[in-house]
Amino acid sequence: MSSAEAPPSERGLLAVLRARIHRDGPLRLDTYMKMCLADPEHGYWNKAHAIGADGDFITAPEISQVFGEIIGLWAATTWQRMGEPAEVRLIELGPGRGTLIADALRAAAVLVPFLAAVRVHLVEISPALRQMQQRVLAATGLAVSWHERLPEVPPGPAIVIGNEFLDALPVRQLVFGEAGWRERTVELDSGGALRFGQGEVVAFQGHALPRPGDVAEIRSGEEVVLADLKKRADAVMAAFIDYGPARAGYGDTLQAVRRHAYVDPLSEPGNSDITAHVQFGPLADKARAVGFAADGPVTQAEFFGRLGMVERAARLMAASPAGASQIEGAVQRLLAPTGMGSQFKVLIVRSPRLPSPAPFA
Ligand code: SAH
């Protein structure tokens, strides 16, 4: 039977997952998540329609141009604080549609020497999204390089941006019970459908005494990113923006989104965006453990508020009265104290010899 004729359950990623589970047994959750997002043929990131109002989910730079613009101005002033190196790598991790970096570069053009010093490097695993970024950035006329992995970016002082990048890195989940912590797995039921299961007992030291049913999430990709940054000989200033708590905690935060609605992470593998919260306190601890300094985490509202997002929006509104209510609504959404403004946090990770960036100092 050709794949075009096969019923949905027998083609695509579900078929790949079943074959793998038959062969290897239940999968760890991070393996499942990685296959769903990054499978070269059926993975979600190969589907470029994912992000934006007409896609599955919307991100801050897609809500308002002011988001990327503030990042661009922040990068320019940060470059000044770094001592105005003649060349600086502006690295974006997981640039999505390229909106953030395009807005950032446009705004940063007010500081001509910065723009002359900037070398733009985009780290992106999805070929489909890379193509979209190429189209968007061709308009800027700047030289941009693409890389599949962070270690491919050439040496030199670097300013690094990651917006909703870490949340996409796969997580393991451990569930606490009578036997201690056990690996959460993805397995098959007797009908061949995916379901969660429990695997081996794992030695794990949580941040606090667990209660039965507590779930611990472990994202080793964070250590990999930090180690890759640490390997750079020159100064690094990185801003990670994502949703998640400021402090360590237990809880199952795995979520899947399709067409702006939550779906079961096991339904339609490869067709929904699967993420989990970033725990910012532990992320800062990991950064310090490898020798970086960290500022924050602070809420998105505090970071962007103190960098002048409201004032910039007001100037835009004055310049285009017809679009004013749209601009105002978008910025309110980004800064909402009970919404994105507080759910999202910003953590700065920097070489300890660099001063804290704005708005921390
Ligand atoms: N920063 C963008 C997109 C966020 S979605 C925005 O704010 O709109 C996550 C992005 O990270 C996508 O571009 C995805 O393809 C990319 N990505 C996910 N895992 C990655 C990895 N391991 N290496 C590089 N890029 C990755």
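Counting convention: from 1, in listed order, for ligands and their atoms alike. In this text the structure is predicted, and so the values were computed from the model without any measurement.
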Q: Using a 4.0 Å heavy-atom cut-off, say whether I125 meets ligand 1 through its side chain, its backbone, both or neither.
A: both
Q | Winner among L169, I58, D167 once heavy atoms are compared against atom 22 (N) of ligand 1 | A | L169
Q) What residue and heavy atom of the protein are closest to atom 11 (O) of ligand 1, and at what distance? A) G94 CA, 3.2 Å
Q) Hey, would you say the Y250 and W181 ring centroids sit under 6.0 Å apart? A) yes
(Q) Under a 3.5 Å cutoff, is there a donor and acceptor pairing between the side chains of Q198 and T185? (A) no
Q: May I ask you to identify the nearest protein heavy atom to atom 8 (O) of ligand 1, giving residue, atom name and distance to one decimal place in Å?
A: T59 OG1, 2.5 Å
Q: Kindly assign one of parallel, tilted or perpendicular to the pair F344 and Y243, based on the angle between their ring planes and the thresholds 30° and 60°.
A: tilted
Q. Given E124, M132, K34, R97, which has its nearest heavy atom closest to atom 16 (C) of ligand 1?
A. E124
Q: Count the heavy atoms of every other residue, nucleotide or ligand shown that sit under 6.0 Å from CZ of R195, and state whether that count exceeds 12.
A: yes
Q) Starting from atom 4 (C) of ligand 1, which protein heavy atom do you reach first, and at what distance in Å? A) E164 O, 3.5 Å
Q: Using a strict cut-off of 4.0 Å, indicate which atoms of ligand 1 neighbour a heavy atom of L129.
A: 12 (C), 13 (O), 15 (O)
Q: Specify the protein heavy atom at minimum distance from atom 5 (S) of ligand 1: its residue, its atom name, and the distance to 0.1 Å.
A: W45 CH2, 3.5 Å
(Q) Quick check with a 6.0 Å cut-off and a 45 degree axis cone: is K230 positioned over the face of F292's six-membered ring? (A) yes
Q. Is any NZ, NE, NH1 or NH2 atom of the basic residue among R130 and E124 found under 4.0 Å from an Asp or Glu carboxylate oxygen of the other?
A. no
Q: Examine the proximity of ligand 1 to P61 and report which part, side chain or backbone, both or neither, has a heavy atom under 4.0 Å away.
A: side chain
Q: Considering the heavy atoms of G96, write down every atom of ligand 1 situated less than 4.0 Å from one of them.
A: 2 (C), 3 (C), 13 (O)
Q. Atom NE2 in H277, atom CZ in R219: separation rounded to 0.5 Å?
A. 9.5 Å
Q | Side-chain heavy atoms of R184 within contact of D252, under 4.5 Å | A | yes
**Q.** Element-labelled atoms of ligand 1 that are located less than 4.0 Å from some non-hydrogen atom of V123
**A.** 24 (C), 25 (N)
Q: Would you mind telling me if ligand 1 is within reach of the side chain of N163, the backbone, both or neither, using heavy atoms under 4.0 Å?
A: both
